Amino acid sequence: MSDYGPVQIRCPVLSVRRVDAYYAITVVAPQIAERFRAGQFVAVAVGGEASAMLLRRPFAVHDVKPDYGGTVEFLFAVRGPGTSWLSERRSRDLLDVVGPVGRPFPLPRDPVNCALVGGGSGGAPLFPLAHALRRRGCRVDFLLGGASADRVFSAITARRVAETATFTTDDGSFGVRGPVTAPLGRVIEEARSDVVYACGPMPMLREVGALTARHGIPLQVAVEETMACGTGLCMSCVVPVVGDDGITRMVRACVDGPVFRGERVRFDDVGTIPFDALGAPGWKARPDSGDGMADRAAG
């Protein structure tokens, strides 16, 4: 068995807690905990063994403690029968979990200034990233936003971990009224950010990409896409990403991502197959280009 790839295990629930508009479940899963890197996720079977809900649900990992029995905590909001069933689990219930899945956030070799931007539950995977960056001597500045105060995840922890923490809400119930991208330019300038990491809805990531492009700094994004299988087979989570050779490919967010270089993701074309994407009707290879593999686009 690989020491780095995902594993499928039946793991006991340690705790289920309500966190404002979200639920956080902690499971004992040492094999997943020891493999986990910030930005990866878990895929959880829901409904029980006799359920007609066949598809796993992907969830962002918020916290991992490999040194304390190997626990993994993931975050979710109740949106349907699958997540409703999950919210009703109790301590010692068993869950069928596959993880860790996907490509993690790349970490800088040297200490740099990092701005972390999260929208809603998209803030969850940024916390293990923040800890990893701090261990490397990086400065961390948090920006977390949500529709309302109960949708801004873990503000207290963000204040404790980061040099600065900025919060926004659409309704003004917490922090600054407006989108989380509104104060990003100011934070980048004041903190002299060298890189931005972001996770959240696609429109938010598109705006973050525009801002980082104007400031001339790199962006790493963890995209939020619907994933039916979580293993790369069903192709339901494809996004158009530009490869090193300049060719757009439809790559799978679950295994080629969910982390991509922000400037490579064609956010305006998400949900479509661009006419110039590899394999699109009428597409023709340039004489100086190869057809390549999807993982080249993910880099």
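Any value given below was found using the heavy atoms of this structure, including those in side chains, with hydrogens, waters and symmetry copies removed. From a predicted model like this one, the values you see are computed outputs, not experimental measurements.
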Indicate yes or no: at least one non-hydrogen side-chain atom of [X] is less than 4.5 angstrom from one of [Y].
{"X": "R136", "Y": "L107", "answer": "yes"}
{"X": "P218", "Y": "T212", "answer": "no"}
{"X": "V98", "Y": "R56", "answer": "yes"}
{"X": "D110", "Y": "P108", "answer": "no"}
{"X": "L143", "Y": "F167", "answer": "no"}
{"X": "V97", "Y": "I32", "answer": "yes"}
{"X": "P183", "Y": "T168", "answer": "yes"}
{"X": "V187", "Y": "T166", "answer": "yes"}

Between the side chain of [X] and the main-chain N/O of [Y], is any donor-acceptor distance below 3.5 Å?
{"X": "R35", "Y": "G5", "answer": "yes"}
{"X": "S51", "Y": "G48", "answer": "no"}
{"X": "R92", "Y": "R90", "answer": "no"}
{"X": "T169", "Y": "F174", "answer": "yes"}
{"X": "R57", "Y": "V44", "answer": "no"}
{"X": "D194", "Y": "N113", "answer": "yes"}
{"X": "R37", "Y": "P104", "answer": "no"}
{"X": "S84", "Y": "G80", "answer": "no"}
{"X": "D93", "Y": "R89", "answer": "no"}
{"X": "Y23", "Y": "L86", "answer": "no"}

Whether [Y] and [X] form a salt bridge (side-chain N of Lys/Arg under 4.0 Å from carboxylate O of Asp/Glu) is what I want to check.
{"X": "E163", "Y": "R134", "answer": "no"}
{"X": "K65", "Y": "D63", "answer": "yes"}
{"X": "R139", "Y": "D141", "answer": "yes"}
{"X": "D244", "Y": "R264", "answer": "yes"}
{"X": "R206", "Y": "D268", "answer": "yes"}

*Show the numbers, then the answer: is there a side-chain contact (heavy atoms from CB on, under 4.5 Å) between T71 and L14?*
CA-CA 8 Å; T71 61; L14 186 64; 4.0 Å; yes

Applying the 4.5 Å side-chain criterion to the ILVMFWY set and letting contacts propagate, would [X] and [Y] be lumped into a single cluster?
{"X": "V270", "Y": "V117", "result": "yes"}
{"X": "W85", "Y": "V27", "result": "yes"}
{"X": "F41", "Y": "I25", "result": "no"}
{"X": "I188", "Y": "L205", "result": "yes"}
{"X": "V176", "Y": "L211", "result": "no"}

Considering all heavy atoms, the nearest [X]-[Y] contact:
{"X": "G137", "Y": "P111", "answer": "O-CB, 3.4 Å"}
{"X": "P125", "Y": "A60", "answer": "CD-CB, 3.7 Å"}
{"X": "R177", "Y": "G172", "answer": "CB-CA, 3.9 Å"}
{"X": "E224", "Y": "S121", "answer": "OE2-OG, 4.3 Å"}
{"X": "V42", "Y": "G99", "answer": "CG1-CA, 4.3 Å"}
{"X": "E225", "Y": "V239", "answer": "CG-CG1, 3.7 Å"}

Within this structure, what is the [atom1]-[atom2] distance for the pair [X] and [Y], rounded to the nearest 0.5 Å?
{"X": "M204", "Y": "C199", "atom1": "CE", "atom2": "SG", "answer": "7.0 Å"}
{"X": "Q31", "Y": "I9", "atom1": "CD", "atom2": "CD1", "answer": "4.5 Å"}
{"X": "D269", "Y": "F275", "atom1": "CG", "atom2": "CZ", "answer": "9.0 Å"}
{"X": "L75", "Y": "F59", "atom1": "CG", "atom2": "CZ", "answer": "9.5 Å"}
{"X": "E34", "Y": "D67", "atom1": "CD", "atom2": "CG", "answer": "11.0 Å"}
{"X": "F267", "Y": "M202", "atom1": "CZ", "atom2": "CE", "answer": "6.0 Å"}

*Run the side-chain contact (heavy atoms from CB on, under 4.5 Å) check on I273 and M250 step by step: do they pass?*
CA-CA 7 Å; I273 299 178; M250 303 303 295; 4.3 Å; yes

*Decide yes or no on side-chain contact (heavy atoms from CB on, under 4.5 Å) for L184 and V180, but give the supporting numbers first.*
CA-CA 7 Å; L184 177 57; V180 71; over 6 Å; no

*asked:* Quiz question: by atom type and distance under 3.5 Å, do the side chains of T26 and E73 form a donor-acceptor pair?
replied: yes

*Give a yes-or-no answer on whether the side chains of R266 and T248 include a donor-acceptor pair shorter than 3.5 Å.*
yes

*For the ring pair (Phe, Tyr, Trp, His ring centres under 6.0 Å) test, which of Y22, F153, F74 pairs with H62?*
F153

*Out of L126, L116, L133, which residue meets the side chain to side chain contact (heavy atoms under 4.5 Å, CB included) rule with F105?*
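Considering L126, L116, L133, a side chain to side chain contact (heavy atoms under 4.5 Å, CB included) with F105 is found only for L126.
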
_Within a 6.0 Å radius of atom CZ on R18, are there more than 12 heavy atoms belonging to other residues, nucleotides or ligands?_
yes

_Heavy atoms of other groups near R186 CZ, more than 12 under 6.0 Å_ = yes

*Using the side-chain contact (heavy atoms from CB on, under 4.5 Å) rule, take V195 and V112 through it: C-alpha gap first, then chi angles, then the decisive distance, then the call.*
CA-CA 8 Å; V195 60; V112 296; 4.2 Å; yes

